[in-house]
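Here is the structure we will look at.
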Amino acid sequence: MNDDIIAAIATSRLEAAISIIRLSGKDVIAFVQSFFSGRIIDKKTQTLTYGYIMDGDEKVDECLVSIYRGKHTFTGEEMVEINCHGGVFITRKVFNLCIRKGARLAQRGEFSKRAFLNGRIDLSQAEAISDMVTANNDEAAKLALRGIQGNISHFIKDLKEDLIQIITQIEVNIDYPEYDDVEELTAEKLLPRSVSLREKMDDIIQRSRHVSLMKDGISTVIVGKPNVGKSSLLNALLDEEKAIVTDIAGTTRDIVEGTIRLDSVVLNMIDTAGIHETKETIEKMGVEKSLSLIDKADLVLVVVDGSSPLDEEDQRILEKTKDTNRIIIINKADLGCVVDLEGIQISAKEMKIDALTNYIKDSFDFSSMNGQDAQVVANERQLSLLMKASKSLDAAISAMRLSVPVDLIVEDLYDSWNALKEILGEQAKEDLLDELFSRFCVGK
Ligand SMILES: Nc1nc2c(c(=O)[nH]1)N(C=O)[C@@H](CNc1ccc(C(=O)N[C@@H](CCC(=O)O)C(=O)O)cc1)CN2
Ligand SMILES: Nc1nc2c(ncn2[C@@H]2O[C@H](COP(=O)(O)OP(=O)(O)OP(=O)(O)O)[C@@H](O)[C@H]2O)c(=O)[nH]1
């Protein structure tokens, strides 16, 4: 079904110097030759040819046409790119001509999908291409490039290799138990390799979580009883950053969700509107709601008023947040401090919050995570599959510890193996692929 020719405008739909119309499919060079004046049909490979796009006898635009012959192309099939003038109207006109001549409008991500289906890239590389298009900072772009180059593919293949060796050992033992030179395999003998493999997986999982905080920002919630200075802290934080990155609607008082950038650390403030609801906020939210907010957060800023003794309500909030990744902030330091609590002293009102911002920057310093060979997965899909792989392996390890017969352990190991395969899209189901590639932009 990959034989039809797909076409898309690959550049942005704004006026520009040049636009690229991308086409891919069987015999696409002959197809374009039928309405291009330059001679491309007998060029061997990857050439750029000058000429006119023709509608019958009429010249439509002066163009440069690139041809990509054979399997070694972006999609893994024959491709053509028409470089026409970048006017909105003329680009449309050339593109419409391609469709009129018989090309089909490409779906979102269809070029990348073909590259995947033709085996030129795996799913992790396809996702990295999409990440590169949406990357809006240097770290994200570097991460995407590593994915495109196959960094994820490599370390997932290594994990698969380790796992298949363990599985093979078991299978040999099940199939040829009578062979003298196959020493009898006990669960304990499989343990060291399995444990070290699980540690490798868990390392990657942990590192990936950190990197996703760096990429997507740290979801942050400010909690504290009324009047301790939560709004003042938010304002001081907002004042700290020089550029507001995302849509912060209206005045700071209206913010529900917004982004604060402290150097390379991005805080995604959640439900900051809630902090203005004075008085019964905590009660009104109910234990459940506030817990879920606190649960959702990667970082909880717990504010207390240091100028007056802690009361029951402070204690309750401190208790509720004790298992979270929290920073205790003792505000109103300008009025002196009477509370005996470990925390960071600031004065939100006087905008003295350096101690806090430095602390946040230091605790989320990811520079060490970002080496050339850092093994991290790129997104939630990959992360949850890796967690699944680790969990299945863990089940196998528990069974090994209980000396369960090895042939009963192998099922869990296969589950783990399948999860790893899914990261690369091996045996991926059609609907999953449709869903994934539909998130790409047209022409990708
Ligand atoms: N004009 C243009 N620029 C572009 C792209 C494109 O498709 N067209 N790309 C699209 O995203 C990116 C480059 N990515 C590409 C990735 C692989 C191949 C490719 O043909 N790979 C073959 C042969 C490689 C080689 O010659 O060594 C292969 O892997 O077999 C082409 C472009 C960015 N710039
Ligand atoms: N002296 C002093 N006063 C502060 C400081 N931070 C906040 N305040 C004052 O404390 C009062 C309450 O501050 P807000 O920022 O509105 O406190 P809040 O926690 O958001 O209060 P609610 O919206 O009622 O939950 C205001 O009068 C602030 O001016 C501080 O660092 N020092």
Side-chain angles (χ1 to χ4, degrees), residues 8-11 18-24 45-48 64-84 106 109-116 118-122 125-126 128-133 141 144-145 147-150 221-239 252-253 255 269 271-285 301-308 313-314 317 329-337 344-353 355-356 440-444:
I9 299 170
T11 42
I18 300 165
S19 289
I20 299 180
I21 294 161
R22 204 181 198 196
L23 299 105
S24 181
T45 180
Q46 290 176 241
T47 40
L48 195 65
L64 284 170
V65 168
S66 324
I67 63 158
Y68 306 87
R69 221 179 254 291
K71 289 195 299 249
H72 293 287
T73 71
F74 178 78
T75 52
E77 53 193 30
E78 205 170 282
M79 289 185 75
V80 173
E81 289 173 355
I82 300 173
N83 301 247
C84 61
E110 197 171 1
F111 290 89
S112 303
K113 186 176 179 184
R114 286 192 175 190
F116 169 75
N118 291 327
R120 200 189 64 76
I121 54 174
D122 63 39
Q125 290 173 299
I129 291 172
S130 173
D131 289 346
M132 182 59 98
V133 176
L145 184 58
I148 290 174
Q149 291 174 315
V221 61
I222 303 179
V223 298
K225 71 175 183 194
N227 235 25
V228 290
K230 298 182 296 297
S231 312
S232 308
L233 170 60
L234 180 65
N235 287 334
L237 282 168
L238 282 169
D239 194 61
T252 49
R253 285 202 76 80
I255 300 171
M269 308 304 302
D271 201 35
T272 56
I275 72 178
H276 301 296
E277 292 168 22
T278 45
K279 266 290 162 219
E280 312 101 42
T281 306
I282 296 295
E283 284 92 329
K284 204 169 69 196
M285 288 202 304
L301 302 180
V302 183
V303 186
V304 300
D305 176 350
S307 68
S308 59
E313 208 171 344
D314 292 309
I317 295 167
I329 297 162
I330 301 166
N331 192 28
K332 311 198 187 180
D334 53 295
L335 299 179
C337 183
I344 296 178
Q345 297 207 13
I346 61 161
S347 170
K349 191 178 172 187
E350 299 187 345
M351 302 278 181
K352 291 196 177 121
I353 58 165
L356 174 64
F440 284 52
C441 38
V442 169
K444 241 321 162 196

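Index from 1, following the sequence. In each ligand, atom 1 is the first atom listed, and ligand 1 is the first ligand listed. These values consider heavy atoms only, across backbone and side chains, with no hydrogens, waters or symmetry-generated copies.
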**Study point:** Contact (N/O only, under 3.5 Å) between Ala333 and ligand 2
**Key:** no
Exercise for review: Give a yes or no on this: more than 12 heavy atoms of other residues, nucleotides or ligands lie within 6.0 Å of atom CG of Leu145.
Suggested key: yes
Check your understanding: Just checking, Lys444 and Phe74: is the charged tip under 6.0 Å from the six-membered ring centre and within 45° of the axis?
Key -> yes
**Study point:** atom 16 (C) of ligand 1 [closest protein heavy-atom partner, distance rounded to 0.1 Å]
**Key:** Phe74 CD1, 3.7 Å
Check your understanding: Protein heavy atom under 4.0 angstrom of atom 30 (O) of ligand 1, is there one?
Key -> yes
Point to revise | Nearest heavy-atom neighbours spanning Asn331 and Ala348 | key: OD1-N, 2.9 Å
Study note, to complete from the structure: One finds that the ligand 2 atoms under 4.0 Å from a non-hydrogen atom of Pro226 are 24 (O), 25 (O)
Point to revise | Any non-hydrogen protein atom less than 4.0 Å away from atom 26 (O) of ligand 1 | key: no
Point to revise | ligand 2 to Ala348 polar contact by distance, N or O atoms, under 3.5 Å | key: yes
Review point. Of all heavy-atom pairs between Ser347 and Ile353, which one has the smallest distance, and what is that distance?
Key: O-CG2, 4.4 Å
Review point. After noting the C-alpha distance and the side-chain angles of Val65 and Leu48, does the key distance pass the side chain to side chain contact (heavy atoms under 4.5 Å, CB included) rule?
Key: CA-CA 5 Å; Val65 168; Leu48 195 65; over 6 Å; no
Review point. Under 4.0 Å from atom 3 (N) of ligand 1, is there any protein heavy atom?
Key: no
Revision key, fill the gap. Checking heavy-atom distances from atom 10 (O) of ligand 2 to each of Met351, Lys332, Gln345, the winner is Lys332
Review point. Roughly how far apart are Gln125 CD and Arg120 CZ, rounded to 0.5 Å?
Key: 7.5 Å
Exercise for review: Return the set of residues passing ring-ring contact (aromatic ring centres under 6.0 Å, His included) with Tyr68 (not counting sequence neighbours), or none when no residue passes.
Suggested key: none
**Study point:** Derivation of the side chain to side chain contact (heavy atoms under 4.5 Å, CB included) call for Val221 and Val223
**Key:** CA-CA 6 Å; Val221 61; Val223 298; 4.2 Å; yes
Check your understanding: Is the shortest N/O to N/O distance between Leu335 and ligand 2 below 3.5 Å?
Key -> no
Check your understanding: What distance separates Thr11 OG1 from Ile21 CD1, expressed to the nearest 0.5 Å?
Key -> 7.5 Å
Practice item. Evaluate the 4.0 Å heavy atom contact test for atom 33 (C) of ligand 1: does a protein atom fall under the cut-off? Key: no
Review point. Would you say Asn227 and ligand 2 have an N/O pair spaced under 3.5 Å apart?
Key: yes
**Study point:** Within reach of ligand 2, part of Asp334 (heavy-atom separation under 4.0 Å)
**Key:** side chain
**Study point:** For Glu81, atoms of ligand 1 separated by under 4.0 Å from a heavy atom
**Key:** 1 (N), 2 (C), 6 (C), 7 (O), 8 (N)
Practice item. Identify whether the distance between the nearest side-chain nitrogen and carboxylate oxygen of Glu77 and Arg114 falls below 4.0 Å. Key: yes
Practice item. Quick one: pull up NZ in Lys349 and OG in Ser231 and give me the separation to the nearest 0.5 Å. Key: 14.0 Å
Practice item. Take Ile67 and Gln46 through the test side chain to side chain contact (heavy atoms under 4.5 Å, CB included) and record every step on the way to the result. Key: CA-CA 5 Å; Ile67 63 158; Gln46 290 176 241; over 6 Å; no
Practice item. Could you give me the CA-CA distance, side-chain angles and deciding distance for Ile82 and Ile20, then say whether side chain to side chain contact (heavy atoms under 4.5 Å, CB included) is met? Key: CA-CA 6 Å; Ile82 300 173; Ile20 299 180; over 6 Å; no
Check your understanding: Quick one: does Met79 get a heavy atom under 4.0 Å from ligand 1?
Key -> no
Check your understanding: Ser347 heavy atoms, cut-off 4.0 Å: which ligand 2 atoms fall inside?
Key -> 30 (C), 31 (O), 32 (N)
Review point. Of all the non-hydrogen atoms in the protein, which one sits nearest to atom 24 (C) of ligand 1, and at what distance?
Key: His72 O, 4.9 Å
Exercise for review: Tell me which protein heavy atom sits closest to atom 7 (O) of ligand 1, plus the residue, atom name and distance to 0.1 Å.
Suggested key: Arg22 NH2, 2.7 Å
Review point. Should one rank Asn118, Thr75, Asn83, Thr73 by closest heavy-atom distance to atom 19 (C) of ligand 1, which comes out on top?
Key: Thr73
Review point. Which protein non-hydrogen atom lies closest to atom 11 (O) of ligand 1, naming both residue and atom, and how far is it?
Key: Lys444 NZ, 2.6 Å
Exercise for review: For atom 22 (C) of ligand 1, decide whether some protein heavy-atom distance is shorter than 4.0 Å.
Suggested key: yes
Check your understanding: How close does the nearest protein non-hydrogen atom get to atom 28 (C) of ligand 1, and which residue and atom is it?
Key -> Arg120 CD, 3.6 Å
